[in-house]
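When a ligand or atom number is given, it counts from 1 through the structure's own listing order. This chain uses plain numbering: 1 for the first residue, then up along the sequence. This structure is a prediction, so every number in the text was calculated from the model and none was measured.
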Amino acid sequence: MPVAGSLSRIFPFLSGEEKEAFRQVTPIYPFSTTDYYLDLALRSKAVRKMLFPSLEEIDPVLQSFGEDDPLREEEHKKTSYLTHRYPDRVLVVVTNYCPVLCRFCMRKRNWLKPRFFITEEEIENVLRYVSANETVRDVLISGGDPFYLELERLEYLISSLEKIPHVEIVRIGTRSPVTDPEWVLKSDICEVLKETSKVWVNVHYNHPDEITELSTSAVRELQKCGIPINNQTVLLKGINDSADILENLFRKLQSIRVRPYYLFRCDPVKGVLHFSTPISKGIEIIRTLFRRISPLAIPYYAVDVPGGLGKVPLMPERYRKEGDKFVLETFNGRKVIMEDEFPPKGE
Ligand code: SF4
């Protein structure tokens, strides 16, 4: 939040190239941070890369391969704030405000718009749409960060959605336990959440350095509300694109009782493409992790298909079919042949 103050504080620590990036990049893609996340960035190279601008963000050749909205969220909008793509799920982007602007953000296009928070009138439009569409069982409230919506408004939105009989779950996507844990601990967000009955929270840790004592305390506060917490991670070149780093991250997440849910390939978003890895990189990492850790600590690796065609999970193939038999690959790479069923066909 204290952008100007933060900048003057950190400028002495910046390299020449970083200073140049602040000068050239922030008029296009702004910078914002909390004091907490800035302190973390000054101690962790990985966090620094997620927080500080880099000249690659505006590299005209590299970024020409990206789009502002490759997932076509705007095109699939049914109200000004609601996107409906999958039959059973809708996305409600309630704000474009985040206290920390992450350089890899897939909604960077929203940074360029004036600040918005969903209005009472628009909440009614969302509720009318969801009520009228009985296939919708899952509402994802996202942003920006929904934890910074005026709490009475967030409470009204959640409680109204929970009253719609066909809505089975309401998911809230937030990065505040990672970037601004004091907000979770000091605001009344937990007072709102503990009254809910259908809410799940998706947090967003990308690197083990982000799981600090304070961040863990914020997660614990959410857990005390009785809310299941899942994590999504984006695979980011130069930050977490190694099996060792992700193993450490997923183990640490498990130790704080947060389920690693998704590992996303970085979307081809303009201003973000320098973080993109080959699709095959994620598959290889997951293959390695299957040899090292329990599946409960392994997220789905998925690619969101450009054009708004939806997510495709891409897990490494660990079997093939040969006639009536299966050839299975065990955790340590052994190939084992198994019958499809017992007793085997034809006996
Ligand atoms: S918290 Fe999420 S929405 Fe906000 S800038 Fe970071 S990635 Fe984007």
Side-chain angles (χ1 to χ4, degrees), residues 1 3 6 25-26 28-38 40-41 44 46-54 57 66-71 73-74 81 83 91-118 140-149 154 171-184 187 189 201-207 209-212 215 218-219 222 229-237 239-240 249 258 261-276 302 304:
M1 290 119 54
V3 181
S6 297
V25 176
T26 54
I28 304 165
Y29 298 120
F31 169 83
S32 178
T33 188
T34 56
D35 284 344
Y36 165 80
Y37 203 67
L38 177 58
L40 199 56
S44 160
V47 173
R48 192 177 181 116
K49 283 188 189 167
M50 289 189 269
L51 180 64
F52 291 176
S54 90
E57 273 173 69
E67 293 179 63
D68 288 332
D69 181 21
L71 308 186
E73 289 180 347
E74 303 290 337
Y81 287 77
T83 299
L91 165 73
V92 187
V93 173
V94 294
T95 178
N96 62 350
Y97 175 71
C98 297
V100 169
L101 292 174
C102 315
R103 307 322 297 179
F104 54 83
C105 181
M106 51 86 74
R107 296 206 182 100
K108 245 173 170 171
R109 67 182 189 278
N110 282 348
W111 298 9
L112 313 177
K113 299 176 185 170
R115 172 87 37 92
F116 66 77
F117 290 96
I118 191 168
L140 172 58
I141 301 175
S142 188
D145 198 318
F147 276 14
Y148 298 87
L149 191 61
L154 182 64
R171 287 183 290 159
I172 302 178
T174 177
R175 209 163 122 78
S176 60
V178 184
T179 55
D180 192 14
E182 283 149 337
W183 176 254
V184 178
S187 75
I189 188 78
V201 166
N202 280 354
V203 290
H204 182 167
Y205 289 93
N206 287 328
H207 193 278
D209 288 353
E210 294 179 319
I211 306 181
T212 63
S215 179
V219 166
L222 295 174
I229 303 182
N230 290 293
N231 184 69
Q232 33 194 70
T233 295
V234 184
L235 189 59
L236 299 169
K237 186 160 84 183
I239 292 173
N240 63 6
L249 172 65
V258 172
Y261 166 49
Y262 265 126
L263 172 66
F264 288 117
R265 187 203 189 201
C266 191
D267 296 317
V269 172
K270 197 183 268 302
V272 172
L273 267 180
H274 54 298
F275 289 122
S276 183
D304 228 321

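Screening Tyr81, Tyr148, Tyr97 for a ring pair (Phe, Tyr, Trp, His ring centres under 6.0 Å) with Phe116, the sole residue that qualifies is Tyr81.
Every residue meeting the side-chain hydrogen bond (donor to acceptor under 3.5 Å, both in side chains) condition with Glu67, not counting sequence neighbours, appears here in chain and number order: Arg72. In this view, Asn240 satisfies the side-chain hydrogen bond (donor to acceptor under 3.5 Å, both in side chains) rule with no residue, not counting sequence neighbours. With sequence neighbours excluded, the residues satisfying side chain to side chain contact (heavy atoms under 4.5 Å, CB included) with Asn230 are Trp200, Asn202, Arg259, Tyr261.
The minimum heavy-atom distance between Leu38 and Leu51, with the atom names listed, is CA-CD2, 4.0 Å.
Here the CH2 atom belonging to Trp183 is positioned 9.0 Å from the OG atom belonging to Ser176, to the nearest 0.5 angstrom. From Asp145, atom CG reaches atom NE2 of His204 across 11.5 Å, with rounding to the nearest 0.5 Å.
For atom 2 (Fe) of ligand 1, the nearest protein heavy atom lies 4.0 Å or farther away.
Within ligand 1, counting atoms from 1 as listed, the ones closer than 4.0 Å to a heavy atom of Val100 are 5 (S).
Distances shorter than 2.8 Å separate atom 8 (Fe) of ligand 1 from the protein N/O/S atoms Cys105 SG.
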